[in-house]
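So the structure is just underneath, and the comments pick up after that.
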Amino acid sequence: MPEILLRNADAILTMDDNRQELAGADLLICDGQIARIGQGLTTDGEVHDLGGCVVTPGLVNTHHHLYQTLTRAVPAGQDALLFGWLQTLYPIWARFGPDEMFTSAQIGLAELAMSGCTLSSDHLYLYPNGSRLDDTIAAAAGVGLRFHPTRGAMSIGESDGGLPPDTLVEAEAGILNDMIRVVDAFHDPSEGSMCRVGLAPCSPFSVSRDLMRNAALLARDKGVMLHTHLAENDEDILYSESQFGCRPGQYAEELGWTGPDVWHAHCVKLDGAEIDLFSRSRTGVAHCPCSNCRLGSGIAPVRAMRDNGVRVGLGVDGSASNDSGNLMAEARQAMLLQRVANGADAMSAREALEIATRGGADVLNRPDCGRLMPGKRADIAVWDTRGVECAGSWDPAALLLAGPVHVKHLFVEGRQVVRDGNIATFDLPRAIERQNRLALALQG
Ligand SMILES: [Zn+2]
């Protein structure tokens with residue numbers, strides 16, 4: 001692969017171990033990695049002049065349900081709380097198939113890419129009408145993002161006292177077999193990996209205790225990560241206390257769902273003891289501020305988590321509860337929400353950017369991503385700061401305080417995914433047409 005030189009950026013916010021910020025600096029990409037960062041670098045390869053631009057590590061999305069880009073702004077779900085919202089959407093999702101899964105993932109990943117994201121996880125926990133995790137993995141390979149899909153699952157349907165309709169749940173033996181299949185087929189543990197698979201029963205209220213425990217055993221056997229929803233809102237806590245006789249943190253711990261290979265989405269309602277548990281066990285958290293606002297779930301105690309050493313990344317969450325998938329906007333929302341809860345000095349713009357980059361990479365156990373340093377992967381977001389959104393700004397912190405919220409260029413593993421604000425890897429306008437056709441058919 002020819003070298004690529006990013007020249008003369010106004011600022012490079014490296015998020016390296018010293019959080020260095022370099023003015024008027026260059027960055028050289030070689031073979032998918034960052035070769036050098038400094039001044040006066042040269043190459044025989046491709047050169048991008050980045051005068052007027054700020055460079056950051058690619059953002060990392062630690063929680064999403066990409067398939068939900070086909071159910072944004074569904075009227076009956078617009079103002080509902082979590083459980084009612086799910087019951088509105090389940091029958092619509094039950095009509096999805098492989099085409100819906102592929103196209104919605106393409107759209108969601110393109111949207112993320114344009115907002116600076118280079119690495120995304122995805123939590124796919126329903127497989128109607130022949131859908132497979134393979135559909136989203138194919139979409140990610142086409143878009144060119146680094147991808148951590150998780151094989152989710154639901155096994156407790158309405159007739160067993162669960163929330164989802166029986167048509168959307170699967171038998172637990174089949175779930176475990178398919179988990180083994182997708183890990184064996186797609187999981188690449190190597191440094192620089194473009195695809196790592198995780199195991200992710202949907203939530204403690206949609207699978208059995210046995211499946212939670214067996215998924216944990218299988219994940220440890222295969223050396224892959226575990227992910228689920230936890231302590232999302234008050235209903236969630238009440239369910240845990242009435243069904244399991246304990247708080248969600250304790251339930252997770254008992255079933256083997258804590259540790260450096262586990263990350264939980266939301267954690268809005270973690271109490272002090274659970275925060276301490278997550279810190280001691282190195283368990284990660286995917287903070288999803290927009291979704292928490294949209295569903296009225298509350299404000300996650302991110303300040304307390306960070307102060308106690310809990311690893312926190314950001315997630316846009318599914319597009320049925322955000323409904324946007326803009327990760328830079330999510331970082332701004334994370335910053336604002338901690339200020340609502342704890343005061344104007346509760347989270348700086350730079351800390352929010354850190355959570356969105358190296359914070360998320362650390363949650364996903366990707367120390368090779370999320371920071372700009374020689375030897376790390378060339379996952380890089382370039383922001384043009386000459387536009388109207390940040391005209392008059394004094395500092396690169398404007399990226400979070402003002403804008404822009406879309407990148408000029410995006411590189412993943414040294415490959416250009418966004419060029420001059422447009423997706424460079426596939427025909428996005430055609431995919432949008434297909435997505436809108438599918439959404440219309442679902443309404444009929
Ligand atoms: Zn979610």
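Both counts, for ligands and for their atoms, begin at 1 and track the order of listing. Remember, predicted model here, so these are calculated numbers, not experimental data.
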Seminar exercise, completed: NE2 (His65) to the Zn ion (ligand 1) to NE2 (His63), nearest 10°, is 100°
Problem set entry | Check: Ala320 main-chain N/O paired with Trp85 side-chain donor or acceptor under 3.5 Å | yes
Problem set entry | Check: Leu372 and Val55 side chains under 4.5 Å, non-hydrogen atoms | yes
Problem set entry | Presence of N, O or S from His229 under 2.8 Å of the Zn ion (ligand 1) | yes
Problem set entry | Axial cation check for Phe411 ring with Arg419, 6.0 Å and 45° limits | no
For this session: Specify whether an N/O/S atom of Cys288 falls short of 2.8 Å from the Zn ion (ligand 1).
Result: no
Exercise. From Asp317, does some N, O or S atom reach closer than 2.8 Å to the Zn ion (ligand 1)?
Worked result: yes
Problem set entry | Side chain to side chain, Glu172 and Asp210, heavy atoms closer than 4.5 Å | yes
